[in-house]
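Read through the structure below, which is laid out as structure tokens, and then see the notes.
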Amino acid sequence: MKFDLLAHDPQSKARAGVLTTDHGTIQTPIFMPVGTAGSVKAVHQREVKDDVQAQIILGNTYHLYLRPGLDTLQKAGGLHKFNGWDRPILTDSGGYQVYSLSNTRKIKEEGVKFRSHIDGSQHLFTPEGVMDIQRVIGADIVMAFDECTPWPCEYEYARKSLDMTHRWLKRCIQRIDETEPLYGYEQQLFPIVQGSTFKDLRVKSAEFIAEQGRAGNAIGGLSVGEPAELMYEMTEICCDILPRDKPRYLMGVGTPANILENIALGVDMFDCVLPTRNARNGMLFTTQGIINIKNKKWEQDFSPIDAELGGYVSTFYSKSYVRHLFHASEYLAGMAASVHNLTFYLWLVRSAREQILAGTFREWKERMVKQLMVRL
């Protein structure tokens, strides 16, 4: 895996680069559609590739481990072969699911015992086991096993959790370094900075993660309910410490404004369920602002969803028609809205990249943050 920085914005910390993997190159900054269980919800792989123009997608260790299971994935030849996606894949280690399953899990030094949300069966995730699972899944980028603390969080809990996450990281590194990929291509481990919203813990964690010398680094534990300004403050602290020559991945973020502001702080990679989840509820992101397509004002608006965006769905279907689909409870409603929102998100990071390369990102970002978050 190789990361080349091509440009820095002169008026911010935004960067444009190219991340090269065995499954192809990724132009950064980039947004990764979330394909939790091996599928970007309601979107065909062909649409993710050709219409959305995604360069990398995300899968989830917890969900794929439970279903379809490791035996099926290994016999298929890994997730790429199983779902037909021939570009890079990143797998989240399941740490966030551990966080979200707070009522059905127990965290100990060994790892995390949890009950399956599917059938209630008991399982144990250890740092070593999670590395082995991600070897079987076969993602190009695998994430370290960590604990994502809630917000708000007591300082002492965050401190103890961070220390354990760092101990778990050393175990992840040892396991990934002593094992080999199963399918003949490289897999790289990204550690995750934690520390809640405490500056000293974030500094401590970012310094520890930087010392590990891995191919890339992630920032976790944000966008879990804290105010946006706190997120930006913690992100900037981490980006100022993490190596400049390695990609930086901010996990689970976020709105169009969140993405642009964090690009300005030096983040290269993003993922979030927001574009597809909101799409299924009728919220459409456009180049002019945000639309609730279910509102009556769109009932007889026969203009395209977003004529300026481009892409098949965004320019072919009218606002009136998509509104009708939602009110008729047609499956196509969520499908069309999901493709549109993902197309918008990939357009957003592609446009940001163009502005960084041109040296005009900051002024453009200030204008777009206001424009894109207007409710139409």
Side-chain angles (χ1 to χ4, degrees), residues 29-37 39-55 57 223 228 252-261 263 270-355 363-376:
I30 192 65
F31 179 83
M32 302 179 283
V34 176
T36 302
S39 161
V40 178
K41 270 190 175 33
V43 184
H44 289 293
Q45 320 295 26
R46 185 179 64 184
E47 293 170 321
V48 178
K49 185 175 180 179
D50 297 339
D51 296 339
V52 173
Q53 297 181 43
Q55 299 173 44
I57 61 172
S223 194
V253 175
T255 66
N258 291 157
I259 287 175
L260 293 181
E261 295 292 2
I263 287 174
F270 301 87
D271 81 283
C272 192
V273 298
L274 190 145
T276 45
R277 180 175 289 168
N278 285 22
R280 296 193 299 276
N281 292 315
M283 178 184 283
L284 305 183
F285 297 97
T286 78
T287 55
Q288 304 305 309
I290 299 171
I291 291 174
N292 181 347
I293 200 64
K294 295 180 181 179
N295 286 351
K296 189 171 178 62
K297 68 182 293 185
W298 311 113
E299 184 175 17
Q300 294 185 4
D301 187 330
F302 303 110
S303 65
I305 300 171
D306 191 344
E308 293 186 27
L309 184 60
Y312 171 74
V313 166
S314 308
T315 57
F316 182 80
Y317 293 121
S318 72
K319 298 181 185 76
S320 175
Y321 180 64
V322 176
R323 179 185 183 275
H324 155 71
L325 292 175
F326 272 99
H327 283 274
S329 299
E330 286 288 344
Y331 291 133
L332 184 57
M335 296 167 67
S338 295
V339 172
H340 165 78
N341 275 358
L342 289 172
T343 301
F344 169 85
Y345 266 64
L346 269 296
W347 165 84
L348 181 66
V349 291
R350 194 164 56 244
S351 299
R353 177 185 168 84
E354 291 169 359
Q355 296 294 329
E363 182 181 339
W364 173 84
K365 185 266 293 184
E366 298 295 338
R367 184 175 75 253
M368 294 305 287
V369 163
K370 295 175 184 175
Q371 180 174 314
L372 298 179
M373 299 309 289
V374 170
R375 296 283 179 144
L376 300 175

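In this text, all values refer to a predicted model and were calculated from it rather than measured experimentally. Just so it is clear, the values below take in all heavy atoms, side chains as well, and ignore hydrogens, waters and symmetry mates.
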Thr343 and Trp347: side chain donor to acceptor below 3.5 Å: no
With Gln53 via side chain to side chain donor-acceptor pair (under 3.5 Å) - residues at least two apart: none
Close aromatic pair by centroid cut-off 6.0 Å: Tyr345 and Phe31: yes
Residue pairs passing the side chain to side chain donor-acceptor pair (under 3.5 Å) test where at least one lies in residues 270-280, sequence neighbours excluded: Tyr249-Asp271
Asn258 side chain to Thr255 backbone, donor-acceptor under 3.5 Å: yes
Side chain to side chain contact (heavy atoms under 4.5 Å, CB included) partners of Lys294, counting only residues at least two apart: Asn292, Phe326, His327
Test item: Thr315 side-chain N/O and Gly310 main-chain N/O as donor-acceptor pair under 3.5 Å: no
Which donor-acceptor pairs under 3.5 Å do side chains of residues 363-376 form with protein atoms, sequence neighbours excluded?
residue: Lys365; atom: NZ; partner: Glu261; partner atom: OE1; Å: 2.8
residue: Gln371; atom: NE2; partner: Thr287; partner atom: O; Å: 2.6

Can you list, pair by pair, the side-chain donor-acceptor contacts under 3.5 Å of residues 331-342, counting residues two or more places apart and other chains?
residue: Ser338; atom: OG; partner: Gly334; partner atom: O; Å: 2.7
residue: His340; atom: ND1; partner: Ser314; partner atom: OG; Å: 2.8
residue: His340; atom: NE2; partner: Phe285; partner atom: O; Å: 2.6
residue: Asn341; atom: OD1; partner: Phe285; partner atom: N; Å: 2.9
residue: Asn341; atom: ND2; partner: Pro275; partner atom: O; Å: 2.9
residue: Asn341; atom: ND2; partner: Met283; partner atom: O; Å: 2.9

Inter-residue atom distance Phe344.CZ - Thr286.OG1, 0.5 Å rounding: 7.0 Å
Plane angle bin for Tyr317 and Tyr321 - parallel if under 30°, tilted between 30 and 60°, otherwise perpendicular: parallel
Which residues share a side chain to side chain donor-acceptor pair (under 3.5 Å) with Ser223, sequence neighbours left out: none
